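Below: the structure, in structure tokens.
Bear in mind the structure is a predicted one, so any value in this text is a computation, not a measurement.
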Amino acid sequence: MPATEPYTVELTPHVHAYVQPDGGWCLNNAGFVSDGASTLLVDTAATERRARALRDALLATGAPLPRTVVNTHHHGDHTYGNGLFLPEAVVVGHESCRSELLAAGRQLHLIWPRTDFGDIRITAPTVTYDDRLTVHVGDIEVRLIHPGGVAHTTGDTVVHLPRQGIVFTGDLVFQGGTPFVPMGSLSGSLRALGVLRSLGAETVVPGHGPITDPSAYDMTERYLRFVAELAEEGHTKGRTPLETAQAADLGAFGELRESERLVANLHRAYAELDGLPEGSPLDPVAVFADMAAMNGGVPVACHA
């Protein structure tokens with residue numbers, strides 16, 4: 001029977017993943033690296049309650065509270081819990097992650113005003129990098145890699161442990177869920193998959209969904225190319241993203257969670273076909289209204 005509560009997986013000695021089933025809206029993954037003396041945490045969670053559960057799970061392995069929190073990007077499901085790890089930890093992220101997070105503020109509160117997020121203090125990275133940064137946890141090398149350009153967002157970070165063959169992808173990968181690129185770039189997300197493949201990691205911890213392997217890159221690429229083809233056809237015919245999405249045959253992609261994200265991804269693909277810069281802001285009201293239309297007229301729900 002599939003797990004319904006968050007669980008911790010030891011990937012190798014000193015490295016754990018923290019998985020929140022089923023990986024849907026606001027149910028992200030995290031992870032941590034600890035040598036018993038110091039700890040690095042990858043991402044936090046969307047609510048105070050879930051961030052406290054993550055902290056308890058980390059401590060239950062015998063790891064000390066983290067000195068470093070790395071954010072894979074600025075979205076609130078990965079960053080809202082940052083403040084619970086201060087003042088012990090320094091928050092690290094790409095320089096665009098910091099600026100995006102500060103600009104977004106209480107982003108999840110705006111989208112889901114009825115969700116009980118708890119006592120959330122917006123906490124942006126205070127240490128930032130541009131291209132790559134290496135952090136050492138004891139003798140464990142942790143490489144922080146910006147995939148270049150815009151992908152899921154403008155400020156993504158891939159967390160790679162080269163010796164252990166492990167990569168935390170952030171939301172460049174949704175295992176079992178529909179990819180989501182309206183705040184980034186469809187073409188840039190395809191380029192980012194090339195960066196992930198080049199790392200050669202055998203264990204892949206996605207931003208959402210169960211732990212997987214590099215085959216997840218192939219599925220993600222197939223879906224994104226499917227979106228690109230739909231967008232090209234719909235754009236040429238003068239259809240709106242919603243009209244194109246409603247007429248689409250998802251085929252095997254219909255089995256992915258959050259299939260309503262198709263129309264959001266088409267909004268991004270249309271913007272790129274119109275020549276707008278990658279990552280340029282879309283109208284969030286229009287995007288989420290169209291997803292609600294694809295979701296049977298029901299707004300998408302935060303499951304945290």
Is the closest side-chain heavy-atom distance between Tyr223 and Leu262 below 4.5 Å? yes

As a quick check of understanding, evaluate side-chain contact (heavy atoms from CB on, under 4.5 Å) for Arg222 and Met219, giving each step before the final call. CA-CA 5 Å; Arg222 287 194 298 271; Met219 185 285 297; 3.9 Å; yes

Let me check something: any side-chain donor-acceptor pairs from residues 106-120 under 3.5 Å, sequence neighbours excluded? List them with distances.
unit_1: Arg106; atom_1: NH1; unit_2: Ile120; atom_2: O; d: 3.3
unit_1: Arg106; atom_1: NH2; unit_2: His109; atom_2: NE2; d: 3.0
unit_1: Gln107; atom_1: OE1; unit_2: Gly76; atom_2: N; d: 3.1
unit_1: Gln107; atom_1: NE2; unit_2: His74; atom_2: O; d: 3.3
unit_1: His109; atom_1: ND1; unit_2: Tyr80; atom_2: OH; d: 2.9
unit_1: Trp112; atom_1: NE1; unit_2: Val300; atom_2: O; d: 2.8
unit_1: Asp116; atom_1: OD1; unit_2: Gly118; atom_2: N; d: 3.2

Rounded to the nearest 0.5 Å, the CG atom of Leu172 sits from the OH atom of Tyr217 at a distance of 9.0 Å

Chi angles and distances behind the side-chain contact (heavy atoms from CB on, under 4.5 Å) call for Thr134, Leu144: CA-CA 6 Å; Thr134 299; Leu144 310 185; over 6 Å; no

Would you say Arg50's side chain and Gly81's backbone share a donor-acceptor pair under 3.5 angstrom? no

Within the 4.5 Å heavy-atom criterion, are Thr128 and Val92 side-chain neighbours or not? no

Using 4.0 Å as the upper bound for N to carboxylate O, is an ion pair formed by Arg261 and Glu258? yes

Check: Thr154 main-chain N/O paired with Glu100 side-chain donor or acceptor under 3.5 Å: yes

Remaining members of the apolar cluster that contains Val91, side-chain heavy atoms under 4.5 Å: Tyr18, Phe32, Leu41, Leu54, Leu58, Leu59, Leu65, Val69, Leu84, Phe85, Leu86

4.5 Å side-chain heavy-atom contact, Val204 and Pro214: yes

So, do Pro206 and Asn29 sit near enough that their side-chain heavy atoms are less than 4.5 Å apart? yes

Taking atom OG1 of Thr169 and atom NE2 of His160, what is their separation to the nearest 0.5 Å? 12.5 Å

Should Val127 and Ile122 be regarded as members of a common hydrophobic cluster, given that ILVMFWY residues are connected when their side-chain heavy atoms come within less than 4.5 Å of each other, either directly or indirectly? no

Calculate, to the nearest 0.5 Å, the distance between atoms CG and OG belonging to Asn295 and Ser259 respectively. 7.5 Å

How long is the span from the OG atom in Ser198 to the CG atom in Leu193, to the nearest 0.5 Å? 11.0 Å

Arg225/Glu229 ion pair, N-O < 4.0 Å: no

Answer yes or no: is there a donor N or O on one side and an acceptor on the other, between the side chain of Ser99 and the main chain of Ser96, under 3.5 Å? yes

Should side-chain heavy atoms under 4.5 Å link Ile, Leu, Val, Met, Phe, Trp and Tyr, which residues sit in the same cluster as Leu273? none

Over 12 non-hydrogen atoms of neighbours within 6.0 angstrom of CD in Glu202: no

Using side-chain contact (heavy atoms from CB on, under 4.5 Å), reason through Thr240 and Asp290 one step at a time and then give a plain yes or no. CA-CA 10 Å; Thr240 66; Asp290 280 359; over 6 Å; no

Within the 4.5 Å heavy-atom criterion, are Val137 and Val142 side-chain neighbours or not? yes

Any luck finding a side-chain donor-acceptor pair between Gln20 and Asn28 under 3.5 Å? yes

Nearest heavy-atom contact between Thr220 and Pro179 is CG2-CG, 4.2 Å

Testing the 3.5 Å rule here: is there a donor-acceptor pair between the side chains of Asn82 and Thr79? no

Is there a donor-acceptor contact under 3.5 Å from the side chain of Ser280 to the main chain of Leu276? no

Exercise: identify the closest heavy-atom pair between Gly184 and Arg268: O-NE, 3.1 Å

Are the charged groups of Arg191 and Glu278 less than 4.0 angstrom apart, N to O? yes

Test of understanding: with ring-ring contact (aromatic ring centres under 6.0 Å, His included), list the residues that count as partners of His235, not counting sequence neighbours. Tyr270

Separation between CG of Asp43 and CG of Asp171, rounded to the nearest 0.5 Å: 8.0 Å

Aromatic plane relationship, His78 with His73 - under 30° parallel, 30 to 60° tilted, over 60° perpendicular: tilted

More than 12 heavy atoms of other residues, nucleotides or ligands under 6.0 Å from CZ of Arg197: yes or no? yes

Considering all heavy atoms, the nearest Pro21-Leu27 contact: O-CD1, 3.2 Å

Please enumerate all residues that pass side chain to side chain contact (heavy atoms under 4.5 Å, CB included) together with Met294, with sequence neighbours excluded. Leu242, Ala245, Gln246, Glu260, Val263

Side-chain heavy atoms nearer than 4.5 Å, only ILVMFWY residues, links allowed to pass through others: does that put Leu230 and Leu224 together? yes

Please check if Leu199 and Val205 belong to a single hydrophobic cluster, counting links between Ile, Leu, Val, Met, Phe, Trp and Tyr side chain heavy atoms closer than 4.5 Å. no

Between Pro64 and Ser38, which heavy-atom pair has the shortest distance, and what is it? CG-N, 4.0 Å

Taking only residues two or more places apart in sequence, or in another chain, which ones meet His94 in a side-chain hydrogen bond (donor to acceptor under 3.5 Å, both in side chains)? none

Cluster overlap Val135 with Ile166, hydrophobic side-chain contacts below 4.5 Å: yes

Compare all side-chain heavy atoms of Thr123 with those of Thr44 and state whether any distance is below 4.5 angstrom. no

Between Arg143 and Glu141, does any side-chain N to carboxylate O distance fall below 4.0 Å? yes

Any sub-3.5 Å donor-acceptor pair from Asp156's side-chain atoms to Thr153's backbone N or O? yes

Quick check on Glu255: does its CD atom have over 12 non-hydrogen neighbours (other residues, nucleotides or ligands) under 6.0 Å away? no

To the nearest 0.5 Å, what is the distance between OG (Ser185) and NE2 (His152)? 12.5 Å

When you measure from the side chain of Arg239 to the backbone of Thr244, do you find a donor-acceptor pair of N or O atoms at a distance under 3.5 Å? no

Search all heavy atoms of Ala271 against all heavy atoms of Leu282 and return the closest pair with its distance. CB-CD2, 3.9 Å

Are Arg98 and Pro125 side-chain neighbours, meaning at least one heavy-atom pair lies under 4.5 Å? yes

Between Arg257 and Asp22, the two heavy atoms sitting closest are CZ-O, 2.8 Å

Over 60° means perpendicular and under 30° means parallel, so classify the ring planes of Phe180 and Phe288, tilted if in between. perpendicular

Do you reckon Val195 sits in the same ILVMFWY cluster as Val150, going by side-chain contacts under 4.5 Å, direct or chained? no

Minimum side-chain heavy-atom gap Val9-His16 below 4.5 Å: no

Does His14 use its side chain to pair, donor to acceptor, with the backbone of Ser34 at less than 3.5 Å? yes

Stepwise, does the side-chain contact (heavy atoms from CB on, under 4.5 Å) test hold for Thr68 with Val90? CA-CA 5 Å; Thr68 307; Val90 171; 5.5 Å; no

Parallel, tilted or perpendicular: ring planes of Phe253 versus Phe226, cut at 30 and 60 degrees: tilted

